[in-house]
Protein chains: 2
Amino acid sequence: MARTQAERRADTRDRLLQAAAARFAADGIDGASIDAIADDADRTSGSVYAHFGSKEGLLLALLDSWKNDVAVAATAEMATAPTMPGRLAALWRNFADPPNDGAHWVQLEHELWLYATRHADARDQLADRYRDIRRTVRDEMGQWRASGDITPPVADDVLGALLVALLIGLEMQHRLDPDAIDERVALAGLAALLGVTEPTEVMT
Amino acid sequence: MARTQAERRADTRDRLLQAAAARFAADGIDGASIDAIADDADRTSGSVYAHFGSKEGLLLALLDSWKNDVAVAATAEMATAPTMPGRLAALWRNFADPPNDGAHWVQLEHELWLYATRHADARDQLADRYRDIRRTVRDEMGQWRASGDITPPVADDVLGALLVALLIGLEMQHRLDPDAIDERVALAGLAALLGVTEPTEVMT
DNA sequence: GGCTTTATATAGCCTCCGCTATATTTCTCT
DNA sequence: AGAGAAATATAGCGGAGGCTATATAAAGCC
């Protein structure tokens, strides 16, 4: 094999992290065994310990590497919709019924949150991430406001937190009861927070 | 002891359920051991199995018996505040920094939610609970609207879901970063959803 | 091509924990 | 009071899983 050691190592690391993400999401952080994760990555538990030292080490590394590409993708897709309700609908759909492997993303977020609840270091990292997300959302909304697309009834500096909160909370309820929390509910909430005066009926 | 068997049994059952709630909240459902729970209840693991058959049985029984008294208490306390922002502040505080053992209530909710995510029967039960909560909130808000205290920009039938979502989502962020998500943010969000036109400054 | 270093695999120890089988205590009923 | 039933306690099995010690394989280096 013409692979350098560094490449080999990096590849294994990536595989392990990806497998860890999938397993943690599927079985829970506690429910996922190191062996299962290593298997998924076509490696063995020994390599996990060579790389991360412990299960907690693996989790912290994951937390560190874990950029929610899905959030980025969602924003991108959102921009393509012409009308404002269309954009909001796209946003919600990416959250509620994510395409492809996006589903495990949301689940993992919750696992990490609950873990962070009990571990100060993880909490700090997650807190940073959420700060970033709020800031991104706030900036984006600031532009929309400036361009007159939305007229939120709240100050920009709280808008990020509120939108994130609403989406998370709606998604949680949606998971328990998809029929009760549908797109209509989500759009109403987003529109209220953003000051979108529901111009016409939403076209699906 | 002049205790009937039924009383003895009921007492033990209560103790076990209460201990289970505390332990599940503190250590996580997976992290809490049956022995630890039994110890907390001044019983032994044997009695847990006599009562509930399995750990899952214990959890389902807990889910069944678990009425969030805190939610009720919060509503009651809320009603005492004279001004609308005062009421909303009380609501938020009961969520964000619950008095007494209320803290473990919120944590347990999250544990249960995550568990329900992976177990259909638990999911159905939790879904029912959340439906109830939404209905309660909706009814309460309907009255407020009727009496002119609030003028929500959304229909009554979605208001429950939106308020619950906002509170859950804000609380989650608050847990990670209490300074970033403070009362000001929460009040702004609640006011926006409820159409409260922030009459004056909030008096603390 | 050999020697060293790095990366991954193998095997197994040890603790924890869910659970069961059985003993013991507490109430019930006559 | 004493036999039977119900409730709780005791002891320990068995498996899972985190982790370590060590062996093998792959790359670097001269």
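Any value given below was found using the heavy atoms of this structure, including those in side chains, with hydrogens, waters and symmetry copies removed. Just so it is clear, the structure is predicted and the values come from calculations on it, not from any experiment. Numbered from 1 within each chain, the chains take letters A, B, ... in sequence-line order.
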Q: For residues B:Arg43 and B:Val48, determine if any side-chain heavy atom of one lies less than 4.5 Å from a side-chain heavy atom of the other.
A: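 Sidechains of B:Val48 and B:Arg43: no contact.
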
Q: Near DNA chain C, under 4.0 Å by heavy atom, which residues of residues 20-32 of chain B?
A: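 The answer is B:Ala32.
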
Q: Checking A:Arg15 against A:Gln18: is there a side-chain donor and acceptor pair closer than 3.5 Å?
A: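 A:Gln18 vs A:Arg15: no donor-acceptor pair found between side chains.
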
Q: List the protein contact pattern of nucleotides 4-9 of chain C with one symbol per nucleotide (5' to 3'): B for base contact, S for sugar-phosphate-only contact, - for none; contact means a heavy-atom distance under 4.0 Å.
A: --BSBB

Q: Can you tell me how far OH of B:Tyr130 sits from CG of A:Asp177, rounded to the nearest 0.5 angstrom?
A: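 One finds 12.0 Å between CG of A:Asp177 and OH of B:Tyr130.
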
Q: Less than 4.5 Å apart, any side-chain heavy atom of B:Arg138 and any of B:Val158?
A: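 No, every pair of side-chain atoms sits at 4.5 Å or beyond.
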
Q: Check this for me, if you would: do A:Asp132 and A:Arg129 make a salt bridge, where the nitrogen-to-carboxylate-oxygen distance has to be below 4.0 angstrom?
A: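 The answer is no: the pair does not qualify as a salt bridge.
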
Q: Rounded to the nearest angstrom, tell me the gap between atom CD1 in B:Ile34 and atom C1' in D:dT10.
A: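 Rounded to whole Å, this separation is 17 Å.
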
Q: Using whole Å, what does the distance between atom C1' of nucleotide C:dT20 and atom NZ of B:Lys55 come to?
A: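 Distance check: B:Lys55 NZ to C:dT20 C1' gives 17 Å.
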
Q: Could you tell me the separation between the CG atom of B:Asp35 and the C1' atom of C:dC16, rounded to a whole number of Å?
A: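 These atoms are roughly 10 Å apart.
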
Q: Over how many whole Å does the gap from A:Tyr49 atom OH to D:dA23 atom P extend?
A: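 Rounding to the nearest Å, OH of A:Tyr49 and P of D:dA23 are 21 Å apart.
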
Q: Within the 3.5 Å criterion, strictly below it, is a donor on A:Ser33 or A:Asp35 matched to an acceptor on the partner's side chain?
A: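 Distance-only check fails for A:Ser33 and A:Asp35.
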
Q: Do the non-hydrogen side-chain atoms of B:Pro99 and B:Asn94 ever get within less than 4.5 Å of each other?
A: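 Yes, at least one pair of side-chain atoms sits under 4.5 Å.
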
Q: Looking at side-chain heavy atoms only, is the closest gap between A:His174 and A:Phe95 below 4.5 Å?
A: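 No - every pair of side-chain heavy atoms lies 4.5 Å or more apart.
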
